[in-house]
Protein chains: 2
Amino acid sequence: MAEEMLDALDRAGVRLTGPRRRLAALIARREGHFTAADLVKDVGRRRLGIGRATVFRLLELLGEQGLLERIDLPDGSHAYIPCEPTHHHHLVCLECGTTTDVGDCGIEAVTREAARRSGFTIEQHRLELFGRCPNCSSAN
Amino acid sequence: MAEEMLDALDRAGVRLTGPRRRLAALIARREGHFTAADLVKDVGRRRLGIGRATVFRLLELLGEQGLLERIDLPDGSHAYIPCEPTHHHHLVCLECGTTTDVGDCGIEAVTREAARRSGFTIEQHRLELFGRCPNCSSAN
DNA sequence: AACACATATGAGACAGAGTCTCAATACCGT
DNA sequence: ACGGTATTGAGACTCTGTCTCATATGTGTT
Ligand SMILES: [Zn+2]
Ligand SMILES: [Zn+2]
Ligand SMILES: [Zn+2]
Ligand SMILES: [Zn+2]
C-alpha cells in the first residue's frame with residue numbers, strides 16, 4: 001500500500017524523499033478516512049519532525065495521482081480516503097470511519113437522465129453515502 | 001422567497017429580527033449558489049452593519065429548516081443553495097453558478113443496491129452534479 | 001564517489017472560515 | 001408600555017490551508 005503510493009509518485013516524476021516515504025507509511029497504516037489534522041497529529045506523536053506544509057503538499061500530490069480522494073463529511077470537514085485511481089464512490093461509516101468502495105451501480109444512468117432533463121452538460125459528479133458499517137450496525 | 005424563509009423561521013419559533021429580515025432579502029435576491037463570504041460582502045457593501053457571526057448563525061438556521069443546502073464545490077469550498085425542503089439534488093454550473101434541482105431520478109435504487117452489496121445501513125447520501133448550464137454550454 | 005543543480009523541506013507568517021463570549025439591544029407575549 | 005429572554009455586533013479565538021524563503025536533500029552525470 002505504501003509501495004503503491006511511492007511507485008505512483010516515482011512515476012509522476014517527483015522525488016522520493018524521506019518525508020514522503022515516512023508519510024506514505026503513516027497513511028498506509030491508517031484505517032478508514034482521516035483528516036489532514038489526523039496525519040499532522042501522527043507526525044507529532046512519532047516526533048517525525050515533518051512540517052505541516054509538507055503533509056498538505058503530499059496529500060495534494062496523492063490526490064492528483066488518484067490514490068487519495070477527498071470527501072466532505074456531513075459536518076463540513078474534509079477527509080481523505082486511500083483509493084484506487086478508478087472512478088467510483090464511497091460508503092463511509094459515521095461511527096468508526098470505515099469506508100468501502102462502491103462501483104457505479106447505475107449512477108451513470110442517473111446523471112444521463114439529469115442531463116437530459118436539465119439541458120446541462122455534466123462534467124463531474126460526487127456521490128457520497130453515509131451510514132453504519134455491518135459491525136457498527138449490529139453493535140448498536 | 002424571502003417571505004418563505006421568514007415564515008419558516010417564524011414557524012421554527014425564533015424571532016423575526018431586523019437583521020434576519022434584511023439577510024433573508026439579501027439571500028432572496030442572489031442567483032445561483034453563494035458562499036458565506038459572498039453574503040458578508042453584500043452586507044458590507046450595503047452598510048447594513050450586520051455582524052459576521054449573525055450571518056453564519058442565519059445560514060445555519062436556514063439550513064436546519066431545509067431552506068438552504070450546503071454543498072461542497074469541487075475546489076473544496078462551501079456554498080449555499082436556496083432550496084425547497086424536500087430531498088433532492090443539485091446540478092451546479094461551474095461557470096456561472098446557476099443551479100437546478102434534480103429529483104431523485106433513480107438514486108434510491110443505487111443506494112439500495114450499494115447497501116445490499118456492502119452490508120452497510122445507509123443513513124444519508126449526497127449527490128452533487130457539476131457541469132455547464134445550457135447557456136454556458138452553447139456560449140463556449 | 002563526488003558534484004551540481006533543481007526540487008523539496010520546515011518554520012513560521014499569513015489568509016480565510018467558522019465559533020465563541022459577553023455586554024448591550026431588540027423582540028414579543030402580556 | 002413593560003420585562004424577560006432571545007438575539008445582536010464586536011472582536012478574540014481556533015482551525016484549515018497556503019505561501020515564502022533560506023536551507024537541505026535527491027538524482028542524473030561525471
Ligand atoms: Zn475509493
Ligand atoms: Zn463502523
Ligand atoms: Zn434545491
Ligand atoms: Zn452556466
Side-chain angles (χ1 to χ4, degrees), chain A residues 5-27 33-65 68-81, chain B residues 5-27 33-65 68-81:
Chain A
M5 294 189 199
L6 295 173
D7 283 356
L9 291 178
D10 198 17
R11 254 176 284 121
V14 302
R15 294 186 180 170
L16 262 46
T17 66
R20 283 177 179 162
R21 290 171 196 277
R22 278 171 265 148
L23 282 175
L26 279 188
I27 291 174
H33 62 250
F34 60 91
T35 63
D38 290 334
L39 251 197
V40 170
K41 237 178 276 166
D42 285 355
V43 166
R45 208 174 308 123
R46 293 167 191 251
R47 285 167 234 285
L48 296 181
I50 297 172
R52 252 165 58 79
T54 301
V55 172
F56 279 96
R57 287 187 279 235
L58 184 61
L59 289 174
E60 189 182 358
L61 258 181
L62 292 175
E64 284 166 6
Q65 300 310 311
L68 227 47
E69 187 158 322
R70 186 167 73 185
I71 62 168
D72 195 54
L73 299 179
D75 73 354
S77 59
H78 290 145
Y80 292 85
I81 303 180
Chain B
M5 294 188 199
L6 294 173
D7 284 355
L9 290 178
D10 198 18
R11 256 176 280 122
V14 303
R15 292 185 183 171
L16 263 43
T17 65
R20 283 176 180 161
R21 291 172 196 276
R22 277 171 266 148
L23 282 175
L26 279 188
I27 292 174
H33 61 250
F34 60 92
T35 64
D38 290 334
L39 251 196
V40 170
K41 238 176 280 170
D42 285 356
V43 166
R45 207 172 310 123
R46 293 166 190 252
R47 286 167 232 286
L48 297 180
I50 298 172
R52 254 165 59 80
T54 301
V55 172
F56 279 96
R57 287 187 279 234
L58 182 62
L59 288 174
E60 188 182 357
L61 258 181
L62 291 175
E64 283 166 7
Q65 301 310 310
L68 227 46
E69 187 159 320
R70 186 168 70 186
I71 63 168
D72 195 54
L73 298 180
D75 74 354
S77 60
H78 290 143
Y80 293 85
I81 302 181

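Basis for what follows: all heavy atoms, side chains included, without hydrogens, waters or symmetry-related copies. Because the structure is predicted, anything quoted here is derived from the model rather than measured. All chains are named by letter (A, B, ...) in the order of the sequence lines, taking the proteins before the strands, and each is independently numbered beginning at 1.
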**Request:** Please answer whether the main-chain N or O of Arg15(B) pairs with a side-chain N or O of Arg20(B) as donor and acceptor at a distance below 3.5 Å.
**Result:** yes
**Item:** Below 4.0 Å: OP1/OP2 of dA17(C) and any side-chain N or O of Thr35(B)
**Value:** no
**Item:** Contact under 4.0 Å: His78(A) side-chain N or O vs dG17(D) OP1/OP2
**Value:** yes
**Item:** Value in whole Å for how far the P atom of dT7(D) lies from CD of Glu60(B)
**Value:** 12 Å
**Message:** Heavy-atom nearest nucleotide on DNA chain C for Tyr80(B) versus Gly18(B): which residue maps closer to 5'?
**Reply:** Tyr80(B)
**Interatomic distance, Arg21(B) atom CZ to Leu9(B) atom CG [nearest 0.5 angstrom]** = 10.0 Å
**Asked** Whole-Å distance between dG12(C) P and Arg57(A) CZ?
**Response** 15 Å
**Item:** Length of the line joining Ile50(A):CD1 and dA11(C):P, which is rounded to integer Å
**Value:** 11 Å
**Message:** What is the distance, to the nearest angstrom, from the CG atom on Leu61(A) to the P atom on dT18(D)?
**Reply:** 12 Å
**Message:** In whole Å, I'd like the distance from the CZ atom of Arg22(B) to the P atom of dT7(D).
**Reply:** 16 Å
**Prompt:** Separation of Leu59(A) atom CG from dT16(D) atom P, in whole Å?
**Reply:** 12 Å
**Prompt:** Between dG18(C) atom C1' and Leu39(B) atom CG, what is the distance in whole Å?
**Reply:** 14 Å
**Item:** Interatomic distance, Leu9(B) CG vs dA6(D) P [rounded to whole Å]
**Value:** 16 Å
**Request:** Mind checking Gly76(B) for me? I need base, sugar-phosphate or nothing, with any heavy atom below 4.0 Å counting as a touch.
**Result:** nothing
**Request:** Kindly indicate whether the side chain of Arg15(A) and the base of dT7(C) share any N or O donor-acceptor pair separated by less than 3.5 Å?
**Result:** yes
**Request:** Return no unless some side-chain N or O of Arg20(A) is found under 4.0 Å from OP1 or OP2 of dT9(C).
**Result:** yes
**Request:** Identify which nucleotide among dG11(D), dT18(D), dC28(C) has an atom closest to any side-chain atom of Leu16(B), counting heavy atoms from C-beta outward.
**Result:** dC28(C)
**Prompt:** Of the candidate nucleotides dT7(D), dT18(D), dG18(C), which contains the atom at the shortest distance from the side chain of Val14(B)?
**Reply:** dT7(D)
**Message:** Ignoring hydrogens and geometry beyond distance, is the side chain of Arg52(A) in donor-acceptor contact with the base of dG17(D) at under 3.5 Å?
**Reply:** yes
**Asked** Picking from dG10(C), dT18(D), dT19(C), which would you name as closest to the side chain of Phe56(A)?
**Response** dT18(D)
**Prompt:** So among Asp42(A), Leu26(A), Val43(A), which one has a side-chain contact (heavy atoms from CB on, under 4.5 Å) with Val55(A)?
**Reply:** Val43(A)
**Prompt:** To the nearest 0.5 Å, how far apart are CZ in Arg57(A) and CG in Leu23(A)?
**Reply:** 11.0 Å
**Request:** Considering just the side-chain nitrogens and oxygens of Thr17(A), establish if one lies under 4.0 Å of OP1 or OP2 belonging to dA8(C).
**Result:** no
**Asked** Between Asp38(A) (side chain) and Thr35(A) (backbone), is there a donor-acceptor pair under 3.5 Å?
**Response** yes
